[in-house]
Number of protein chains: 2
Amino acid sequence: MSELAVKQVSQGVRSPVGREGVLDVAAKLFREQGYGSVSLRKIAEAAGIKAGSLYYHFGSKDEIVAAVLDVGIQVVHDSMRQAVSALPEGTGAEASLHAAIGAHLRALLDVSDYTSANVRIFGQVPQSVRDANLPTRRAYEAEWDALLSRLQQEGALKSDVDIRHLRLMLIGALNATLDWFDPARGSAEALSRTYADVFLNGILERQDT
Amino acid sequence: MSELAVKQVSQGVRSPVGREGVLDVAAKLFREQGYGSVSLRKIAEAAGIKAGSLYYHFGSKDEIVAAVLDVGIQVVHDSMRQAVSALPEGTGAEASLHAAIGAHLRALLDVSDYTSANVRIFGQVPQSVRDANLPTRRAYEAEWDALLSRLQQEGALKSDVDIRHLRLMLIGALNATLDWFDPARGSAEALSRTYADVFLNGILERQDT
DNA sequence: GTCTATAGTCGGATAGAC
DNA sequence: GTCTATCCGACTATAGAC
């Protein structure tokens with residue numbers, strides 16, 4: 001028991017420890033610098049340990065990256081699902097889509113280094129790592145397709161738009177905000193209103209207003 | 001004169017040669033594999049020469065990447081400007097925007113490895129290389145802002161949308177197609193119609209149809 | 001669970017022959 | 001204009017002490 005206590009104290013000096021702490025700093029670095037620029041040495045240094053010590057927690061760099069990618073999707077998926085399912089029954093298409101868009105943008109821009117790291121580095125990681133992340137991605141995409149299909153069946157969305165295509169357009173547009181979003185210029189909350197409005201109503205001036 | 005002739009023949013064996021040929025294969029590789037995965041050795045091999053020989057044409061890897069990035073923007077900029085300026089005077093907002101969107105998507109998805117390489121790797125290259133590409137980018141962005149502002153002043157676009165913001169949304173959405181576009185599933189031409197329609201009119205089912 | 005030390009690989013870049 | 005040969009640094013990963 002005294003041995004355990006000593007161990008815990010001796011770890012207490014460093015900021016983030018353990019497998020989870022390593023993933024936290026890795027996600028942050030990947031988000032900020034991309035995949036290629038972040039070496040195991042950088043991750044270790046940010047976690048307050050030496051590079052070799054990472055191999056106690058992980059078997060390879062790929063394993064670290066894969067874990068970050070998976071968590072990134074899980075976070076945004078949970079956020080979006082909960083936001084939509086929390087709406088009162090009979091909520092209109094506008095409000096439903098706005099809730100989903102808002103949840104996605106908040107996870108991406110406000111909440112999670114994991115989600116933003118995923119969006120930023122997915123196209124940079126080795127093929128095997130991308131493949132490992134695909135099932136998790138598919139589940140999130142299915143959640144969006146279900147929402148959009150429901151709205152279309154209710155007659156709220158144009159009947160001639162392809163759901164898969166619409167989802168690709170929407171998520172692609174939302175993820176692209178990562179490249180230029182600046183919290184000093186406006187909130188993710190305000191952004192989500194703009195995106196929902198543009199996608200729902202377009203940008204054309206209308207006579208019926 | 002005979003010496004020149006001999007030189008030209010002796011080069012004729014390899015597929016792409018000279019500075020331009022190197023840039024062509026580099027753009028293709030960057031487009032396909034991203035920045036980090038493409039070494040000078042790979043570029044040299046694809047060009048049919050040895051890695052060291054690249055330094056006759058370029059001073060560094062950064063110089064190659066910077067050249068690819070600049071050409072990439074110039075191509076899409078020229079394409080978009082020409083498409084819009086070729087329209088008859090008095091062309092409506094719908095047709096103008098559709099022309100600009102179509103030109104951007106064609107350059108990105110059909111025509112140019114340089115443009116697609118730019119979109120794909122811009123976020124992966126060293127900061128100094130990004131900075132070098134900024135002036136060229138700014139010029140292209142200004143072209144879009146001018147078009148959108150004109151349409152807004154004509155009363156065709158909603159008066160409350162911020163032009164810069166709208167341009168970021170639009171170009172971001174268009175560039176994101178690079179991640180999933182599959183020519184076997186549809187043409188860039190068809191895509192541009194869909195994007196123009198969604199951005200102009202939205203996806204909501206309307207009473208006035 | 002973290003350390004030091006190091007093996008092994010691959011990258012960008014340079015020098016000098018042809 | 002291209003070659004061969006090579007330097008040097010950085011990276012992932014491993015081995016063994018503590």
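Below, chains carry the letters A, B, ... as their sequence lines are ordered, and counting in each starts from 1.
- Spacing between atom CD of A/E63 and atom C1' of D/dT12 amounts to 14 Å, rounded to whole angstrom units.
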Exercise for the section: Kindly determine whether B/K158 and B/Q152 satisfy side chain to side chain donor-acceptor pair (under 3.5 Å), including the steps that lead there. Expected result: CA-CA 7 Å; B/K158 287 176 183 166; B/Q152 192 176 48; over 6 Å; no
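- If you take NE2 of A/H57 and C1' of C/dC3, they are 13 Å apart, rounded to a whole angstrom.
- Counting only distance, with no hydrogens or angles, the side chain of A/T115 and the backbone of A/G72 share a donor-acceptor pair below 3.5 Å.
- Taking the centre and axis of the six-membered ring of A/F122, the NZ or CZ atom of A/R137 falls inside the cone set by 45° and 6.0 Å.
- In this structure, of D/dT12, D/dC3, D/dA13, it is D/dT12 that holds the atom nearest to the side chain of A/S39.
- Atom-to-atom, CD of A/E45 to P of C/dT2 comes out at 16 Å; the value is rounded to the nearest Å.
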Collect all protein-nucleotide pairs involving nucleotides 16-18 of chain D in which both atoms are nitrogen or oxygen and the distance is under 3.5 Å.
none

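- Minimum atom distance to the side chain of B/K61 is reached by C/dG12, of the listed C/dG12, D/dC11, C/dC3.
- In this structure, the side-chain hydrogen bond (donor to acceptor under 3.5 Å, both in side chains) partners of A/E189, at least two apart in sequence or on a different chain, are A/R106.
- C/dG11 atom P lies 13 Å from atom OH of B/Y35, rounded to whole Å.
- Atom CZ in B/F58 sits roughly 12 Å away from atom P in D/dG1 (whole-Å rounding).
- Distances were taken from every side-chain heavy atom of B/Y56 (C-beta onward) to each of C/dC3, D/dT2, C/dA13; the shortest belongs to D/dT2.
- Whole-Å rounding puts the A/L54 CG to D/dA13 P distance at 10 Å.
- Checked against ring-ring contact (aromatic ring centres under 6.0 Å, His included), B/F199 has the following partners two or more places apart in sequence or in another chain: A/F199.
- Residue A/S53 has a polar side-chain atom (N or O) positioned under 4.0 Å from OP1 or OP2 of C/dC3.
- Between B/A51 and A/G52, the one whose closest nucleotide on DNA chain C sits nearer the 5' end is A/G52.
- Among D/dC11, D/dT2, C/dG12, the nucleotide with an atom closest to any side-chain atom of A/R41 is D/dC11.
- Salt bridge annotation for A/R31-A/D113: present, with a cationic side-chain nitrogen under 4.0 angstrom from a carboxylate oxygen.
- Residue contacts for A/K50: at a heavy-atom cut-off of 4.0 Å it reaches a base atom on one of the strands shown.
- Taking the six-membered ring where tryptophan is involved, the planes of B/Y140 and B/H104 are essentially parallel, since the angle between them stays under 30° and well short of 60°.
- Note: CG (A/D62) to P (D/dT12) measures 10 Å, nearest angstrom.
- Nearest to the side chain of A/S60, among D/dT12, D/dA13, C/dA13, sits D/dA13.
- With D/dT2, C/dT14, D/dT12 as the candidates, the nucleotide lying closest to the side chain of A/L40 is D/dT12.
- Regarding contacts with the backbone of C/dA13, a side-chain N or O of B/Y55 is found under 4.0 angstrom from either OP1 or OP2.
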